[in-house]
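Below: one structure, written as structure tokens.
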Amino acid sequence: MDHSVPTVGIDVAYVAGLARLRLSPEEIETFGNQLEQVLAYVKKLEEVDVQDVVLAGEEKGFQNRLRLDLALPELSPNEALENAPQQRGGLFLVPRIIE
Amino acid sequence: MSIAFATIHELRKQLLAKEVHPKEVVESLLDRISSVDSRIKAYNYLHPERALESAEKADVSLPLGGIPIAVKDLISVRGEPCTCSSRLLEGYIAPYDATVIERLRAAGAILLGRTNMDEFAMGSSTENSAWGVTRNPWDLSRVPGGSSGGSAAAVAAQEAIAALGSDTGGSIRQPAAFCGCVGLKPTYGRVSRYGLTAFASSLDQIGPLTKTVADAGLLLEIIAGADPRDNTCEPEPAPSFSTKLGEEIRGMTLGVPKEYFVSGMDPEVEAAMQKAIAHLEGLGAILREISLPHTPYSIATYYLVATAEASANLARFDGMRYGRRAPGCNDLLETYGRTRDEGFGREVKRRILLGTYSLSSGYYDAYYLRAQKVRMRIREDFLTAFRDCQAIVTPTSPMPAFRLGERTEDPLQMYLADIFTIAVNLAGLCAISLPCGFTQAGLPIGLQIIGPMRKEETVLQVGYAYEQSTSWHTLRPPLG
């Protein structure tokens, strides 16, 4: 697999869609220029030899720490709903997703 | 002198001797805040009645009994707003206490108010706040640093006895340096993150901002320790961090990384640093040049790792269960898009975009994965260096506080200001910043002492030895 940094510029409108951000045309242009600069800067990571690096959590013998599988006191339904932008009948009211 | 000017340790003595009542302490701070905070704007909001009520029934025999503490506005306090200085969380009321807040309460502390910050802790100047900028108490035309700029400015301006902040890439230490107070970033896993609004989960730590090194140690002892609600938190109980305070540092080896003294550092910062090094030698420490060869890659690594984690963490702010929801939208995607566009400020959007991009299909290996690998190299640098020294000394920031607006238009320039603090988070280490001098224009300069993982007592010991043999920590900003 080719691990070199792609040279193609960032498609801000596309990435904004992935990030669920609705940006103005002015923002798309400004962010595009600024992020190009940042991406040009981070290209320097290509200089580092990362062969044989073992990532954290991938070392031999590494074990995840898990909590006990016990029911603990949590927020009551009313507390969980206190900040809901819209609610009805003890439930969060959200926009329709199935037509 | 006003009670507000006291340290935690001084105040504890006075409270135990019944020379002052906790209510007088709160009143004194509220007076101070009303006389200076219109100029500083360290606080996002205060709860005077609640603080006075807590003061009435405070138990001064507890470790922080009757001591007011300010809290950065991204840590949950039950029944209070937690805005993260973002419009997106305007009106939100936290329904639970963060673990650190439970511990402050159990120790008898009084919660005074919530301090300003860069939105979602993204920034180095506290200019990215939806509620307005905080100003540096030493020079009102300059930034207090960030992202915990409100906490640092509150402590420096004597509007708080001490404060909590959070540090993802320097957000406690850099504002402490800019404001002339003490800031401690604990080892990753030392303090529970339960109830801390997540920015970059593998880097974030809560820590104290205080007037003295001893106060930082005391406050850390209260908030540190195992928490079953945060599995990244060390399972062992936290030790006493202050046991080595007052022990001499004679014979201790301190590393000075040669890569940190390259071009670009402010000459006055460099001069202060050389004096600090000579002073530590005068105390009997052995200063040794060390190498951290991957230093030039730390900022690039950080801005890929931190933004990737942020883009995932901030996906939860979608306007469905809490926070603001854009009105009048036609469908779900428009609701998400407009809620987030209207709610988030520009720096937050920029970082979400960068993080989303570096995690997206086709770019993941080249950006995010490579950055995670370089991060391991940075960590190895420190592990190697700590074979030859017990702590590392550096400037906290390559420059003193910059002017408001000076760097806002150039994100990359703003990022480069974090060069000396970022690697500590990437490697999971602990570090403290404390005052080590002033520029001719009267701006504070910070000395950073970096320790290996779980060696807070060492950085506190070195910091204390330096602090107690100098007088920088006794100087106060000219606010009247």
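Throughout, a chain's letter reflects where its sequence line sits, starting with A, and its residues are numbered from 1.
The two residues A:P85 and B:G323 come nearest to each other via the heavy atoms CG-O, 3.5 Å. When all heavy atoms are compared, the tightest approach of A:V94 to B:M320 is CG1-SD, 3.6 Å. Here the shortest heavy-atom pairing between B:R377 and A:D49 reads NE-O, 2.9 Å. Looking at every heavy atom in both residues, A:R22 comes nearest to B:R338 through CD-CG, 3.7 Å.
For a residue to count as touching a neighbouring chain, one of its non-hydrogen atoms must lie under 4.5 Å from one of that chain's; by this rule A:L55 touches chain B with backbone and side chain alike. Using a 4.5 Å cut-off between heavy atoms, B:E347 makes no contact with chain A at all. For B:Y303, no part sits under 4.5 Å from any heavy atom of chain A, backbone or side chain. Heavy-atom distances place no part of B:R351 under 4.5 Å from chain A, backbone and side chain included. Proximity to chain A (any heavy atom under 4.5 Å) is restricted, for B:T335, to the side chain, taken from C-beta onward. At a 4.5 Å heavy-atom cutoff, the contact between B:L304 and chain A is made by side-chain atoms alone. Proximity to chain B (any heavy atom under 4.5 Å) is restricted, for A:L75, to the side chain, taken from C-beta onward. In this structure, chain B has heavy atoms under 4.5 Å from both the backbone and the side chain of A:L45. Looking at B:E342, neither its backbone nor its side chain comes within 4.5 Å of chain A, counting heavy atoms on both sides. Interface residue B:A371: backbone and side-chain heavy atoms are both found under 4.5 Å from chain A. There is no contact between A:E74 and chain B, counting heavy-atom distances below 4.5 Å. For chain A, the nearby part of B:T232 is the backbone; its heavy atoms alone come within less than 4.5 Å. When heavy atoms are compared at a cutoff of 4.5 Å, B:L416 approaches chain A solely by way of its side chain, counted from C-beta outward.
Judged purely by distance below 3.5 Å, without hydrogens or angles, the side chains of B:Y96 and A:E79 never pair a donor atom with an acceptor atom.
Summarising the local packing, CZ of B:R105 is surrounded by more than 12 heavy atoms from other residues, nucleotides or ligands at distances under 6.0 Å. For A:Y14, the OH atom is loosely surrounded, since the number of other residues' heavy atoms within 6.0 Å does not exceed 12. Environment of CZ in B:R379: sparse, with no more than 12 heavy atoms of neighbouring residues, nucleotides or ligands closer than 6.0 Å. Within 6.0 Å of CD on A:E47 lie more than 12 heavy atoms contributed by other residues, nucleotides or ligands.
For the pair A:E82 and B:Y322, the minimum side-chain heavy-atom distance is 4.5 Å or more. Between B:L354 and A:V15 the shortest side-chain heavy-atom distance does not fall below 4.5 Å. Within the 4.5 Å cutoff, the side chain of A:N83 has heavy atoms near those of the B:P95 side chain. In this structure, the side chains of B:L333 and A:R20 come closer than 4.5 Å at one or more pairs of heavy atoms. Counting heavy atoms from C-beta outward, B:F344 and A:L21 have side chains that approach closer than 4.5 Å. Between B:R350 and A:L35, some side-chain heavy-atom pair lies under the 4.5 Å cut-off.
Of the inter-residue distances, the one linking B:K373 atom NZ with A:Q51 atom CD reads 8.5 Å to the nearest 0.5 angstrom. Note: B:D410 CG to A:Q34 CD = 8.0 Å, rounded to the nearest 0.5 Å. We find the CD1-CG distance between B:I352 and A:L18 to be 12.5 Å, quoted to the nearest 0.5 Å. Within the model, atoms CZ of A:R96 and CG of B:N330 stand 13.0 Å from one another, a figure rounded to the nearest 0.5 Å.
Under the 3.5 Å distance criterion, the side-chain polar atoms of B:R370 are matched with a main-chain donor or acceptor of A:V48.
Taking B:P228, B:S202, B:P235, B:S311 one by one and counting their heavy-atom pairs under 4.5 Å with chain A, the maximum is reached by B:P235. Per-residue heavy-atom pair counts under 4.5 Å with chain A were compared for B:G355, B:S360, B:G91, B:P296, and the maximum is reached by B:P296. Highest contact tally toward chain A, considering only B:L332, B:N231, B:I299, is held by B:N231 [criterion: heavy-atom pairs under 4.5 Å]. For chain A, the option among B:D318, B:L314, B:T301, B:I93 with the highest count of heavy-atom pairs below 4.5 Å is B:I93. Contact count against chain A (heavy-atom pairs under 4.5 Å) is highest for B:R321 among B:R321, B:R340, B:M376, B:K349.
At a heavy-atom cut-off of under 4.5 Å, chain B is reached by A:R65, A:L66, A:R67 from residues 62-72 of chain A, listed in order of number.
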